[in-house]
Colleague: 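After the structure tokens below, expect a handful of questions from me.
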Number of protein chains: 2
Amino acid sequence: MPGNRQARSSGKTKTFERIASSIRDSILSGELGPGDRLPPETELARRFGVSRPTLREALKALEALDVLESFTGPSGGTFVSTPDSFGIADHLASSLVLLFGAEKVSLEELWVARETIEVRAGELAAGRRTERDLEAMLGVIEEDEGKDYASYFPDITFHRTIAEASHNRLLSLFMLAVHMTLASIARDYVIPDAKELSQRQHRLIYEAILLKDGALARRRIQEHLEMAYSVYQGAVRRRSRELAARG
Amino acid sequence: MPGNRQARSSGKTKTFERIASSIRDSILSGELGPGDRLPPETELARRFGVSRPTLREALKALEALDVLESFTGPSGGTFVSTPDSFGIADHLASSLVLLFGAEKVSLEELWVARETIEVRAGELAAGRRTERDLEAMLGVIEEDEGKDYASYFPDITFHRTIAEASHNRLLSLFMLAVHMTLASIARDYVIPDAKELSQRQHRLIYEAILLKDGALARRRIQEHLEMAYSVYQGAVRRRSRELAARG
DNA sequence: CCTCGGCAGTTTGTCTGACCAAAGATTATA
DNA sequence: TATAATCTTTGGTCAGACAAACTGCCGAGG
């Protein structure tokens, strides 16, 4: 019977894990930095005293974590990756989708977290936005108004410009991850069109940030997300009913 | 010259990546669920039409992502992992430490994100806390007062009880990740003792949550974190001066 | 002299086949 | 029946080889 995994993890460290940890530690300690090239696999295998397949299992594990990357050829080899916000957000989103699937996080929790982060990002944006930020936001607003979109998540682009304007790259990362998670979960939902209301609210949010009114930005983003949540939730409920009726 | 990695990613998909994606998709689509056992490696290799080492590279990549886990023995095999908040937060924290090291996120951004999440968690906690939550918080407060700690991050336990009391597992996850990141960055800093002030503020926060006063909880957590940030920042600056003087 | 094309070398990618180690299942034994 | 030795299944590791990708050199031709 599978499932009693906690009982099995009895301290044993597999060889490839030992090596992966070793390399990982070299990076954490600064001994290896982004862009650095590792020795060839045969050389590394020799140094660690293991075979090449085993060494490669360690390398592939670190590649999966976006810590290393490899290329063929003489100028190739294995390199330490440059950390990248988008990749981190992407991985995080994948994990959150799984967590959602296991019912260890609910749709409501996701939306509350989204609201928490976006509201604050908007407040910060009102205080820190540059002229360039405003241009970007307005550009997205006008582009969206011209589009005839069917999907629900096109307006995410606008929300991302808010995050950018907050000039907090960690809040941006969290926000991106939550957006990707919600988009992934809702992939095949039919989301009703709330285009016009949504776009009106986008302009109101833009206005608040333009005026540098943080409190107003908070309120308007909150209101906008409440609307969006009710629309999203409605689609989820409809979907559930459909599935219940069919099955 | 290494570093021109964007030019190299020319669409080629390596075999082990193809297989990892295939298995990953089976999980995302629900075809494979947590606890499910995969066929033996030789069988899997045969099905995918690859050799066992190549297959194993794919499996090890997914193990590194905490998506799969494997055990030896007749009852062993490769299993789909149960997603786990703590593991996700841990991975996220590792990535954030790297991101910080690459100067793609600053200490200030980390603290603003921490404040954003904790303030909101406290507000939510004030509205949703149960008797059990209150007991847990008080227990930690009293335990901390009895401890003679040297490290700066002992009071993180209290902050975690706030997150728990918010009953939002995603905010808890984010909070944990940010805490672990800050703790990892500050590992060898000498943090001055702000024990008594900190503990007084903890009691005030507890009181606000006890009274179900969300606005008050917000203000008090904000104040507490501002104090903590100034202490932390002072330690970082002192550390920088030391390093500058030495080098 | 310069340019272009192919050859050689380096490095990762993949394969074959085998043996080792761990741990539950079985069976022989007291 | 209880227990210990053995079996069997499964992942863990190893060795060596060849293929593919790519750079850099070098020679042929202009």
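Values below: every heavy atom of this structure, side chains too, minus hydrogens, waters and symmetry copies. Just so we're on the same page: letters track the sequence lines, and every chain starts at 1. This is a predicted model, so every value here is computed, not measured.
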Colleague: Expressed as a whole number of angstroms, how long is the span from B/R52:CZ to C/dC15:P?
Modeller: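 It is 14 Å, rounded to the nearest whole Å.
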
Colleague: What is the distance from CD of B/E57 to P of D/dG11, rounded to the nearest Å?
Modeller: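 Nearest whole value for this atom pair: 17 Å.
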
Colleague: If you pin A/T54 and B/P39 to their nearest nucleotides in DNA chain D, which one's is more 5'?
Modeller: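 Final value for this comparison: B/P39.
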
Colleague: Looking only at side-chain atoms of B/T72, point me to the closest of D/dG11, C/dG13, C/dT14.
Modeller: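 Shortest atom-to-atom distance from the side chain points to D/dG11.
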
Colleague: Counting only side-chain nitrogens and oxygens, does A/S51 get under 4.0 Å of the OP1 or OP2 atom of D/dC14?
Modeller: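 Answer yes for this pair, as a side-chain N or O of A/S51 is under 4.0 Å from OP1 or OP2.
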
Colleague: Supply the atom-to-atom distance B/L107 CG to B/R237 CZ, rounded to the nearest 0.5 angstrom.
Modeller: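 B/L107 atom CG to B/R237 atom CZ measures 10.0 Å (nearest 0.5 Å).
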
Colleague: Given D/dC14, C/dT12, D/dC22, identify the nucleotide with an atom nearest to the side chain of A/V50.
Modeller: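 Looking only at heavy atoms from C-beta outward on A/V50, the closest nucleotide is D/dC14.
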
Colleague: So that I can tick it off, tell me whether B/E57 and B/K60 are bridged by a salt bridge, with the cut-off set at under 4.0 angstrom between side-chain N and carboxylate O.
Modeller: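 Between B/E57 and B/K60 there is no salt bridge, as every charged N stays at least 4.0 Å from the carboxylate O atoms.
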
Colleague: Output yes when A/E242 and A/R238 qualify as a salt bridge under the 4.0 Å nitrogen-oxygen rule, no when they do not.
Modeller: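 No, no charged N to carboxylate O under 4.0 Å.
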
Colleague: Parallel, tilted or perpendicular: which describes the rings of B/H179 and B/H159, with under 30° parallel and over 60° perpendicular?
Modeller: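 Ring orientation of B/H179 relative to B/H159: perpendicular.
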
Colleague: Using a cut-off of strictly less than 4.0 Å, decide whether A/T78 has a side-chain nitrogen or oxygen near OP1 or OP2 of C/dT12.
Modeller: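 Answer yes for this pair, as a side-chain N or O of A/T78 is under 4.0 Å from OP1 or OP2.
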
Colleague: Starting at atom CD of B/E43, determine the distance to atom C1' of D/dG11, rounded to an integer number of angstrom.
Modeller: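 B/E43 atom CD is separated from D/dG11 atom C1' by 15 Å.
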
Colleague: Give the rounded distance in Å between these two atoms: CZ of B/R56 and P of D/dG11.
Modeller: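 One finds 8 Å between P of D/dG11 and CZ of B/R56, rounded.
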
Colleague: Report the distance from atom NZ of B/K14 to atom C1' of C/dT12, rounded to the nearest whole Å.
Modeller: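 After rounding, the reported distance stands at 8 Å.
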
Colleague: Please report the distance, rounded to the nearest Å, between CD1 in A/I19 and P in D/dG12.
Modeller: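 Roughly 14 Å, once rounded to whole Å.
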
Colleague: Whether B/E108 and A/R128 form a salt bridge (side-chain N of Lys/Arg under 4.0 Å from carboxylate O of Asp/Glu) is what I want to check.
Modeller: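 Between B/E108 and A/R128 there is a salt bridge, with a charged N closer than 4.0 Å to a carboxylate O.
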
Colleague: With respect to the phosphate group of D/dT9, does any side-chain polar atom (N or O) of B/S75 fall under 4.0 Å of OP1 or OP2?
Modeller: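 No.
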
Colleague: Which is more 5' along DNA chain C, the nucleotide nearest A/P53 or the one nearest A/G73? Just name the residue.
Modeller: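 Comparing both residues, the 5'-ward one is A/G73.
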
Colleague: In terms of side-chain heavy atoms of A/K60, which of D/dG11, C/dT12, C/dG13 is nearest?
Modeller: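 Taking heavy atoms from C-beta onward, the closest nucleotide is C/dG13.
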
Colleague: Answer yes or no: does a side-chain N or O of B/T15 lie under 4.0 Å from OP1 or OP2 of C/dG13?
Modeller: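 Answer is no, no contact under 4.0 Å.
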
Colleague: Under 4.0 angstrom, heavy atoms only, what part of the nucleic acid is B/T42 near: base, sugar-phosphate, or nothing?
Modeller: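 If one applies the 4.0 Å heavy-atom cut-off, B/T42 turns out to touch nothing in the nucleic acid.
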
Colleague: Rounded to whole Å, how long is the line connecting atom CZ of A/R46 with atom P of D/dT13?
Modeller: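 Rounding to the nearest Å, CZ of A/R46 and P of D/dT13 are 20 Å apart.
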
Colleague: Distance check needed: D/dA20 C1' versus A/E41 CD, whole Å only.
Modeller: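 It works out to 14 Å between those atoms.
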
